[in-house]
Amino acid sequence: MTVRICLFTRDLRLTDNPVLYAASAAGRDQVLPVFVHDPGVQAAGFAAPNRLAYLHDCLADLDRGLHGLGSRLVVRHGPVAQEVARLAADAGAAEVHVAADHSAFARAREERLRAALGDAGVALVTHEAVVTAVAPGSVVPSGSDHYAVFTPYLRRWSDAPLRRPLPAPRQLSTPDRPASDPLPPRPDQDALSPELTPGGETEARRRGKRWFDRHVDAYDDEHDALADDLTSRLSPALHFGCLSATELVHRARKAGTAGAAAFERQLAWRDFHHQVLAARPDAARSDYRSRHDRWRHAPGELEAWEQGRTGYPLVDAGMRQLRAEGWMHNRARMITASFLCKTLGLDWRAGARHFLSLLVDGDVANNQLNWQWVAGTGTDTRPNRVLNPVTQAKRYDPDGAYVRRWVPELARVGAPAIHEPWKLPAGLRAELGYPEPLVALDAALARFRSRRGLD
Ligand SMILES: Cc1cc2nc3c(=O)[nH]c(=O)nc-3n(C[C@H](O)[C@H](O)[C@H](O)COP(=O)(O)OP(=O)(O)OC[C@H]3O[C@@H](n4cnc5c(N)ncnc54)[C@H](O)[C@@H]3O)c2cc1C
């Protein structure tokens, strides 16, 4: 009987997983499900305690799910190519199946795997549209290798063929050897965000179902309301592949409401950033479009921003939510990022690094390219827009409930005063103990305009 390795990477699920489905030949042959915990991921700066904890949960859940199908997860620690080649030899595997992934790191991993397996006569089979709904490079404008603007991409993306979702296998047959190493350890609780969400396909499917049943229809009206917190919070599940983007797109199309269409559009943003990064892997570090910025060096201001002590309540609320949950609402991500790059004039890379150190959904394509979008060095067609944190707060947190939740110093201040605490009487300000604004917005805007040569 043929043995194939299913190498799990960012597809930690049983349902709608083309890699697992193909490796088991729809349940007819033997499959060895494998996950390799590669120290290279840590060395490349992608590992962060919140994501390691979520990964641990995902692997534990996957192993439980595989046991339920008569199989198990084989975990190895070490360089992925070396470990997989060794496992293939031990198990007598003829093929290794893996999801195609397009970051520079993932491509280098694929090359190393191909070389190591080729030497042993084992075939490497990659599967597209596992990590994203539409594969990077499968829709391109004429004369270019990727779309640089979202709206024309969305038009083509919406018409692109979508594969059918696959069911979870009913049963799997797995050889008894080789044995598994223990799971990568879950970091200590005190290294984690205290309100971190649990990981794994079981939890992700529960959350997805509940959210679709209750909230998707209102998504277009409510996704920016900071205090209501009605977005799906499926981003970590999508990042680790506990849920399939393809399945979510099908589900949104089936719902057919304006809310579901708005949600589908966000999934298209996710694919959009992946196709930009696939074509321009250096955009993880370098400006996608240089604006010749000369970023300020102000470590004290960077630290105040990281700590949520800028004196701008909405910015501080977002940064404190990030620390507490390892997640932040999208509107708050935009406001806090704009504040760092455009108001303080600090390099987007410093902000992206801090986000990646905490975000449980921290993702090179989505994080770096959203940061570049906000900094105006990316794909935004209005690169000089600046989000005013007070105007944004009054619009998206009108009664101040989001700020009150995350900035306890301001808990007894009503709206709209809560968004401009520097206007409160000096005596009350002293009592509250909330920081004074780090910069004046008018002066900061003038400085930004002059830096970009807009005057
Ligand atoms: C500065 C900045 C950094 C970001 N860093 C990340 C990151 O590291 N990882 C990440 O997944 N998202 C990132 N985002 C995008 C977005 O903020 C999150 O995907 C979203 O807030 C996750 O919450 P949700 O699952 O409730 O989203 P929902 O509103 O429910 O959207 C559904 C899904 O669509 C995708 N999505 C939504 N908005 C975007 C977007 N702007 N770009 C790409 N995909 C999107 C996500 O996968 C999300 O789970 C960033 C945005 C900004 C402005």
Side-chain angles (χ1 to χ4, degrees), residues 10 46 48 50-51 54 103 131-134 150 153-154 157 197 204 207-208 210-212 214-216 218-226 228-249 251-252 259-277 284 305 315 318-319 321-322 325-342 346 348-380 385 387 392 396:
R10 282 216 281 154
F46 301 146
N50 284 341
R51 287 195 296 283
Y54 195 93
S103 66
V131 171
T132 52
V134 172
F150 178 67
Y153 174 76
L154 177 65
W157 181 92
T197 190
R207 176 184 287 278
R210 203 174 44 222
W211 187 80
F212 259 89
R214 295 184 191 169
H215 299 299
V216 72
Y219 180 81
D220 52 341
D221 293 331
E222 292 175 349
H223 69 274
D224 268 330
L226 280 158
D228 296 347
D229 195 8
L230 290 174
T231 65
S232 71
R233 287 184 176 248
L234 292 176
S235 50
L238 281 161
H239 172 70
F240 286 92
C242 308
L243 277 186
S244 133
T246 303
E247 192 188 347
L248 290 178
V249 174
R251 205 155 165 181
F263 177 73
E264 183 187 329
R265 187 182 153 93
Q266 295 313 108
L267 296 171
W269 267 110
R270 180 174 180 271
D271 284 9
F272 173 73
H273 290 314
H274 278 82
Q275 59 96 44
V276 173
L277 190 71
W305 176 83
V315 173
M319 297 308 293
Q321 179 180 28
L322 173 63
E325 295 191 355
W327 186 89
M328 198 198 296
H329 191 285
N330 179 60
R331 178 55 51 181
R333 294 189 204 204
M334 288 168 66
I335 298 166
T336 53
S338 171
F339 189 83
L340 186 83
C341 309
K342 288 179 166 159
L346 303 182
W348 64 265
R349 277 157 281 244
R353 201 174 311 122
H354 179 69
F355 268 34
L356 274 188
S357 75
L358 287 165
L359 279 176
V360 63
D361 63 24
D363 180 286
V364 176
N366 284 333
N367 190 58
Q368 311 305 90
L369 290 166
N370 270 298
W371 267 96
Q372 294 229 42
W373 191 91
V374 175
T377 58
T379 56
D380 188 2
R385 76 172 98 198
L387 299 183
Q392 292 275 313
Y396 298 111

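Counting convention: from 1, in listed order, for ligands and their atoms alike. Note that this is a predicted model, so its numbers are computed, not measured.
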* Do the non-hydrogen side-chain atoms of Phe263 and His223 ever get within less than 4.5 Å of each other? -> no
* Asked: Within 45° of the six-membered ring axis of Trp371 and under 6.0 Å from that ring's centre, is NZ or CZ of Arg333 located there?
  -> no
* Under 4.0 Å from ligand 1, counting heavy atoms only: the protein residues, by chain and number -> Tyr219, Thr231, Ser232, Arg233, Leu234, Ser235, Leu238, Phe263, Gln266, Leu267, Trp269, Arg270, His273, Trp327, Met328, Asn330, Arg333, Met334, Ala337, Phe355, Leu359, Asp361, Gly362, Asp363, Asn366, Asn367, Asn370, Trp371
* **Pairwise side-chain contact, Leu369 with Phe272, heavy-atom cut-off 4.5 Å (strictly under)** => no
* pair Leu248-Arg270: side-chain heavy atoms closer than 4.5 Å -> no
* Any chance the rings of Phe150 and Trp373 have centres within less than 6.0 Å? -> no
* Asked: For Trp157 and Gln275, what are the C-alpha separation, side-chain angles and deciding distance, and is it a side chain to side chain contact (heavy atoms under 4.5 Å, CB included)?
  -> CA-CA 11 Å; Trp157 181 92; Gln275 59 96 44; over 6 Å; no
